[in-house]
Amino acid sequence: MAQKRSYESSSDKAPQFLPPINRTMRTLDKSFFKTEVPLVVIKLGNPAFISKFARQFQKYILQQPGVGHVVYLNDKTQGGLVNSSSENASADKKPEKGILLSQQYSDPEQAQRELSPVFKEILDQTTIDFMPYTLRLGYDYWKSEEILAAVLPEELLNEIPCGFTIVGHVAHLNIRDQYLPYKAMIGQVVLDKNPKIRTVVNKLDAIDTVFRTFAMEVLAGDHDFMVEQSESNCRFRFDFSKVYWNSRLHTEHDRLISKFQKGEAVCDVFAGVGPFAVPAGKKEALVFANDLNPESHKYLVDNIKLNKVETFVKPFCRDGRTFIYDAVTELVDFAEQNPTLTPPRKGRGSRSNPPPQPEPITVPKYYSHYVMNLPDSATDFLDSYIGLYSDPALRTRVFGSDKPEDVKLPQIHVHCFHKHEPHQPEPTEEVVFENLRQRVSGKLNHEMALDQLYIHNVRKVAPTKTMHCISFTLPLEVALAAKN
C-alpha cells in the first residue's frame, strides 16, 4: 500500500515527480532518493520545427519545475530506454533532440493515437516519432522542503523547518523541540541545498540579556564561525558565536541610518559590531559607539578599520548606563580638542593628480541621536537621561549658554519587545502603544503623551512577541531634572 503524501497539495510538482518516502530514516541517505518517471518523447523529422511546436502545443508538453522539456536522444536506443542526458550520444554524430510530453502520457502508442489529430498541422510538414523515455531523478533534483517532507513523520509536516537566517557562510536555524530528533538530517539537507552555506547551526538557548549571545551547536558543515557580512554598503567581520548579529534587522538598520545626517553626532549605546555606527560613519556623522561585550568591542574596532571610518567612529567598551551620561562630556572634550574633522579623500586619482581634499566638517558638541538597540532591556536604561543637561556649567560648554531655551535636545531611538500571554488574544495596536507609552513615562519619571512618541513596528519575533522602536525627543524637563 502506498504511503500517504500529505505534502502533495503544497508542492508545485505532480505526484510522480516527488521524492520517495522513508519515514524511518534518521541518518540522511542520499542514495535512497531516486525515482524514474515514464514519459513519452517525440522526435520531429525536421528539428527546425522544435521551437514552433513548443509554442503552439504548450499544454501538451511537460511543465514541471526543474525539468526541461527539450532533451537529447540516444540513436542507439531509440524505441527503448532513453536517459535525460546526452552522455551516451554517438560521438561521431550530432545528438538529436526530442520534446517531452506531459506526464499524463506514458504510453507512446496511446499518445500517438490521441495526439496525432491535434498535431496534424505539424504532421503535414514533418514526421513525428513517439518514443518511450525514462526520466531519472535523484537527490540533487528536489528542494530541501521536499526531501524533508519525505522523511519527517506525518504529524510534523505542517511546519517543515527548512527556513533559516544567513550570516556570512553560516545558516542559523531555530529548531523546535519536536523536530530535534531529526536535527542532523535537517542540517545536512540545508547544507546540501544551499551552495553558499558552509556551516549550519541550531540555537540552543535564549539570547543572553547582557552580551546578547546564545549557545549554538553545529548540525552540518565546518565548525567555523568567523563570518563576513555585507550590509548598508559596509563589510562586517566577526565571530558569530561570540557576538550578536541579526540579518533580519538590516531594514531597521537602514531606516535609522537614513535619519543620521552628515556632521551630526550620534551616540550608539549598544553598538554591537557596528551595524548602525559604521554606516553612519560612512555618511560622515560622528559616532561614539559603545558595547559592553569585549568581543563585540574587538570586532567593532576591526570593522571601523575595515571600512575606513576611523575619522568618524570612536569605539568604547563600557556599561551603557554610565556611557549615556559620560559621553556628553566626552563629546565636548573631543570637539574642543578637534574643532573640525577632515574626511578621507574619495576616489583613486593619481600621484600627480590626486582627488580633491574634502571640506572639513565642524565637530558638534551635542548629540542629535541616541540609539539603544538592546530590545530585551533598553527601556530600563532610559532613566540615565534624567538630568542629562542639569549641570549649568556643562550646558555652557555644550551650547554656549546655560539658559534652558538654548539646549538642543536629542532624538532617542529605543528598541524594545512587547509580549502577551499565549492564552490571550493578540492585543490591538492601541493597547500595545499605551503599554509602551507607560513604560517610557515610568522610566523617564515624566508623563509622555502618545503623540510625543513615534512607535515603529520592527518585526514579529514570535507569535506572542513583537519588536518595536520608540523614537522621541528627550523632554527638556527630563534633561534638566536633578540627576539620579
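Sequence positions, counted from 1, serve as the residue numbers for this chain.
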Do the side chain of [X] and the main chain of [Y] share a donor and acceptor less than 3.5 angstrom apart?
{"X": "E252", "Y": "L249", "value": "no"}
{"X": "Y366", "Y": "L331", "value": "no"}
{"X": "N202", "Y": "E217", "value": "no"}
{"X": "D224", "Y": "M226", "value": "yes"}
{"X": "E264", "Y": "Q261", "value": "yes"}
{"X": "W245", "Y": "Q229", "value": "no"}
{"X": "N290", "Y": "R318", "value": "yes"}
{"X": "R23", "Y": "P153", "value": "no"}
{"X": "N435", "Y": "V431", "value": "no"}
{"X": "S247", "Y": "I166", "value": "yes"}

Under the rule for side chain to side chain donor-acceptor pair (under 3.5 Å), what residues qualify as partners of K298, not counting sequence neighbours?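 K298 satisfies side chain to side chain donor-acceptor pair (under 3.5 Å) with E295 once adjacent residues are dropped.
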
I'd like to check the side chain to side chain donor-acceptor pair (under 3.5 Å) partners of R176; sequence neighbours left out, ordered by chain and number.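 Checked R176 against side chain to side chain donor-acceptor pair (under 3.5 Å); matches are E159.
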
Any Lys/Arg nitrogen of [X] or [Y] sitting under 4.0 Å from an Asp/Glu carboxylate oxygen of the other?
{"X": "D380", "Y": "R321", "value": "no"}
{"X": "K460", "Y": "E426", "value": "yes"}
{"X": "D406", "Y": "R395", "value": "no"}
{"X": "E330", "Y": "K314", "value": "no"}
{"X": "D333", "Y": "R397", "value": "yes"}

Please determine, by modelled atom types, if [X] and [Y] share a side-chain donor-acceptor pair under 3.5 angstrom.
{"X": "T165", "Y": "R248", "value": "yes"}
{"X": "S232", "Y": "H253", "value": "no"}
{"X": "Y139", "Y": "D192", "value": "yes"}
{"X": "E228", "Y": "H169", "value": "no"}

Ring-face cation of [X] near [Y] (centre distance under 6.0 Å, axis angle within 45°):
{"X": "K465", "Y": "F417", "result": "yes"}
{"X": "K365", "Y": "F334", "result": "no"}
{"X": "K283", "Y": "F312", "result": "no"}

Run Y141 and F17 through ring pair (Phe, Tyr, Trp, His ring centres under 6.0 Å) and show every step you take. CA-CA 10 Å; Y141 168 69; F17 289 84; 7.2 Å; no

Give me the one residue out of T379, D376, L256 that meets side chain to side chain contact (heavy atoms under 4.5 Å, CB included) with H415.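 Option passing the side chain to side chain contact (heavy atoms under 4.5 Å, CB included) with H415: L256.
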
Measuring from [X]:[atom1] to [Y]:[atom2], what's the distance to the nearest 0.5 Å?
{"X": "N338", "Y": "I361", "atom1": "CG", "atom2": "CD1", "result": "13.0 Å"}
{"X": "I175", "Y": "L173", "atom1": "CD1", "atom2": "CG", "result": "5.0 Å"}
{"X": "R459", "Y": "H456", "atom1": "CZ", "atom2": "NE2", "result": "12.0 Å"}
{"X": "E284", "Y": "K262", "atom1": "CD", "atom2": "NZ", "result": "4.5 Å"}
{"X": "Q16", "Y": "L135", "atom1": "CD", "atom2": "CG", "result": "10.5 Å"}
{"X": "L444", "Y": "L474", "atom1": "CG", "atom2": "CG", "result": "7.0 Å"}

Just wondering, more than 12 heavy atoms not from [X] lying within 6.0 Å of its [atom1]?
{"X": "E359", "atom1": "CD", "result": "no"}
{"X": "K483", "atom1": "NZ", "result": "yes"}
{"X": "Y182", "atom1": "OH", "result": "yes"}
{"X": "K308", "atom1": "NZ", "result": "no"}
{"X": "D222", "atom1": "CG", "result": "yes"}

Taking the side chain as C-beta and beyond, is there a heavy-atom pair between [X] and [Y] under 4.5 Å?
{"X": "K259", "Y": "Q411", "value": "no"}
{"X": "P20", "Y": "F32", "value": "yes"}
{"X": "Y325", "Y": "S384", "value": "no"}
{"X": "Y299", "Y": "P294", "value": "no"}
{"X": "V170", "Y": "I197", "value": "no"}
{"X": "I324", "Y": "C267", "value": "no"}
{"X": "V190", "Y": "N194", "value": "yes"}
{"X": "K203", "Y": "M216", "value": "no"}

Which atom of [X] lies closest to which atom of [Y], heavy atoms considered:
{"X": "P422", "Y": "T464", "answer": "CA-CG2, 3.8 Å"}
{"X": "C234", "Y": "V278", "answer": "SG-CG1, 3.8 Å"}
{"X": "L306", "Y": "F236", "answer": "CD2-N, 4.4 Å"}
{"X": "S390", "Y": "L480", "answer": "CB-O, 3.8 Å"}

Which residues pass the side chain to side chain contact (heavy atoms under 4.5 Å, CB included) test with H468, sequence neighbours left out?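 Here the qualifying residues are C416, H418, V432, L436, I455, N457, T466.
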
Look at the aromatic rings of H369 and H413 and report parallel, tilted or perpendicular, splitting at 30° and 60°.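 Rings of H369 and H413: parallel, under 30°.
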
Hey, what's the ring geometry for F270 with F381, parallel, tilted or perpendicular (30° and 60° as the breaks)?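 Judged by the thresholds at 30° and 60°, the geometry between F270 and F381 is perpendicular.
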
Ring pair (Phe, Tyr, Trp, His ring centres under 6.0 Å) evaluation trace for Y454 with F472: CA-CA 6 Å; Y454 173 73; F472 59 92; over 10 Å; no

Let me see the working for E447 and R437 under salt bridge (Lys or Arg N to Asp or Glu O under 4.0 Å), right down to the final yes or no. CA-CA 9 Å; E447 196 66 23; R437 185 198 69 79; 2.6 Å; yes

So that I know where these two stand, are F323 and F288 an aromatic pair - ring centroids less than 6.0 Å apart?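 Centroid distance F323-F288: not below 6.0 Å, so no.
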
